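Everything below concerns the one structure shown next.
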Amino acid sequence: MSSALPHLLVLGGARSGKSRFAQGRAEVLTGKLVYLATAQAFDDEMRQRIELHRADRSPRWSTVEAPLDLAEAITAYSTPETVVLVDCLTLWASNLMLAERDTATATEGLARSLSTARGPVILVANEVGLGIVPDNALARRFRDVAGRINQEMAAVVEEAVIMYAGLPLTLKSKG
Amino acid sequence: MSSALPHLLVLGGARSGKSRFAQGRAEVLTGKLVYLATAQAFDDEMRQRIELHRADRSPRWSTVEAPLDLAEAITAYSTPETVVLVDCLTLWASNLMLAERDTATATEGLARSLSTARGPVILVANEVGLGIVPDNALARRFRDVAGRINQEMAAVVEEAVIMYAGLPLTLKSKG
Amino acid sequence: MSSALPHLLVLGGARSGKSRFAQGRAEVLTGKLVYLATAQAFDDEMRQRIELHRADRSPRWSTVEAPLDLAEAITAYSTPETVVLVDCLTLWASNLMLAERDTATATEGLARSLSTARGPVILVANEVGLGIVPDNALARRFRDVAGRINQEMAAVVEEAVIMYAGLPLTLKSKG
């Protein structure tokens with residue numbers, strides 16, 4: 001199956017349809033579907049968003065929370081009969097920063113986990129770098145970290161798209 | 001004429017050339033040109049922008065203000081000999097929120113007005129979801145509403161583009 | 001050489017890989033490489049970014065600072081045996097505004113310098129218009145100025161790309 005669906009990166013802005021597109025790409029495949037959720041519910045708004053997303057998914061999905069140890073979770077859940085979907089790398093970046101983890105090391109580990117995954121992995125990530133430079137230094141650093149993760153993942157996946165209004169534009173393809 | 005130019009969605013950021021592109025696409029056609037303006041002049045900056053945009057358009061255009069009842073305006077002005085241009089859906093989203101209208105119902109109504117339009121409709125919309133997550137909850141909700149409108153319109157039009165620096169990238173085409 | 005590599009505009013958000021891509025496109029060519037840097041080190045964060053970027057470049061590059069008089073610098077350094085890279089137009093826009101220069105006149109001058117350049121010029125620019133409308137009027141004006149510069153340059157170059165996660169999407173090509 002891993003040759004039928006190589007690793008895929010789905011980039012997009014807020015409300016660009018990236019999660020839905022990623023889920024759709026996974027659901028056309030047979031096998032188990034594992035949703036690795038990086039979201040952590042710190043407040044009611046976030047809890048509500050998480051629940052809405054979960055209710056949106058078909059019951060074929062099992063959900064695993066992996067706010068920080070994403071590489072380990074991919075390694076643990078990836079099998080030749082499983083599609084692993086990570087949603088999303090940008091929240092993961094934020095979690096790493098909050099936990100004061102080294103983001104470069106974590107990103108290397110993530111890339112390594114993709115290269116040893118036994119089945120296809122679909123990564124969802126936000127594109128956050130196309131607005132005005134943020135006023136505060138933390139937001140600028142976050143933008144840098146998130147952008148670097150996206151670049152490193154784009155370099156190792158076989159396929160990458162950017163979503164606009166629910167429609168994908170191909171950035172990289174296996175062909 | 002409606003088969004010569006099916007409904008078109010022109011997405012883009014600020015100063016991406018989306019209005020000019022949309023107008024250009026309308027002006028190559030024969031027939032009447034109706035500009036449905038969703039902008040409301042709340043302050044001098046806005047009034048100035050509206051006037052600049054109006055002066056920019058050829059005299060072939062007649063301008064109708066439709067800050068809220070967009071579906072009704074499309075239904076009223078669309079004829080087989082008329083191109084209707086809506087500029088823009090993102091200000092409309094903002095107007096709906098300010099007026100405390102139900103945005104989901106309004107969006108459904110808009111989609112319905114496209115399916116019953118008698119001539120081509122060109123929709124201009126801002127893409128606002130590719131920056132850092134806004135600090136305030138209202139801006140986040142606006143981003144969600146605007147993004148959902150874009151997705152729903154992208155699903156029903158025959159053609160969609162995203163503009164960068166005056167240049168279109170095709171997201172969806174009739175071909 | 002100018003026919004082998006016509007003028008190129010590389011657009012992209014923060015951390016999209018635009019500078020690296022632009023440098024790579026220059027480095028495949030023979031001849032001298034001139035890096036026209038528009039960055040000015042106003043604070044430590046900026047100074048650090050500038051130094052990191054400089055250390056990133058191969059020793060083939062000579063660096064010239066051109067925070068304001070960009071057209072003059074292109075005219076001075078462009079030769080049939082030189083590739084000139086401008087990084088970036090968006091900082092230049094910011095510098096012009098701070099120095100209270102007329103941005104429209106400066107942009108015209110820049111376009112003219114491209115038309116008379118004796119070798120290829122590669123322009124790097126940020127796309128900053130795809131987030132929420134900024135709260136303050138200066139940021140909105142900056143967004144307008146930067147967007148107009150991007151549109152005018154896109155109109156005169158032979159090739160334009162937008163970068164996402166290190167991957168280019170073609171907006172315009174010589175073919």
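No experiment lies behind these values; they were computed from the predicted model shown. In the text below, chain A, chain B and the rest are named by the order of the sequence lines, each starting its count at 1.
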Tell me, for C:Ile162 versus chain B, whether the close heavy atoms (under 4.5 Å) come from the side chain, the backbone, both or neither. side chain
Among residues at least two apart in sequence or on other chains, which ones pass side chain to side chain donor-acceptor pair (under 3.5 Å) with C:Gln40? none
Answer yes or no: does atom CD of C:Gln48 have more than 12 heavy-atom neighbours from other residues, nucleotides or ligands under 6.0 Å? no
Bottom line for B:Glu45: the part with an atom under 4.5 Å from chain C's heavy atoms is side chain
Under 4.5 Å from any heavy atom of chain B - which part of C:Ile132: both
Do any of residues 89-107 of chain B come closer than 4.5 Å to chain C, heavy atom to heavy atom, and if so which ones, in number order? none
Using a 6.0 Å cut-off, check whether atom CD of B:Glu65 has over 12 heavy atoms from anything other than its own residue. no
Nearest 0.5 angstrom please: C:Leu9 CG to B:Tyr164 OH, how far? 13.0 Å
Tell me the residues of residues 133-156 of chain B whose non-hydrogen atoms fall below 4.5 Å from those of chain C, in number order. B:Pro134, B:Ala139, B:Phe142, B:Arg143
Under the rule for side chain to side chain donor-acceptor pair (under 3.5 Å), what residues qualify as partners of C:Ser19, not counting sequence neighbours? C:Asp87
Test side-chain contact (heavy atoms from CB on, under 4.5 Å) on C:Leu171 and B:Leu169 and set out the steps. CA-CA 7 Å; C:Leu171 292 168; B:Leu169 275 180; 3.5 Å; yes
Under 4.5 Å, counting heavy-atom pairs only, tell me which of B:Gly12, B:Ala14, B:Gly131 racks up the most with chain C. B:Ala14
Under a 4.5 Å heavy-atom cut-off, does chain B meet the side chain of C:Ala125, its backbone, both or neither? neither
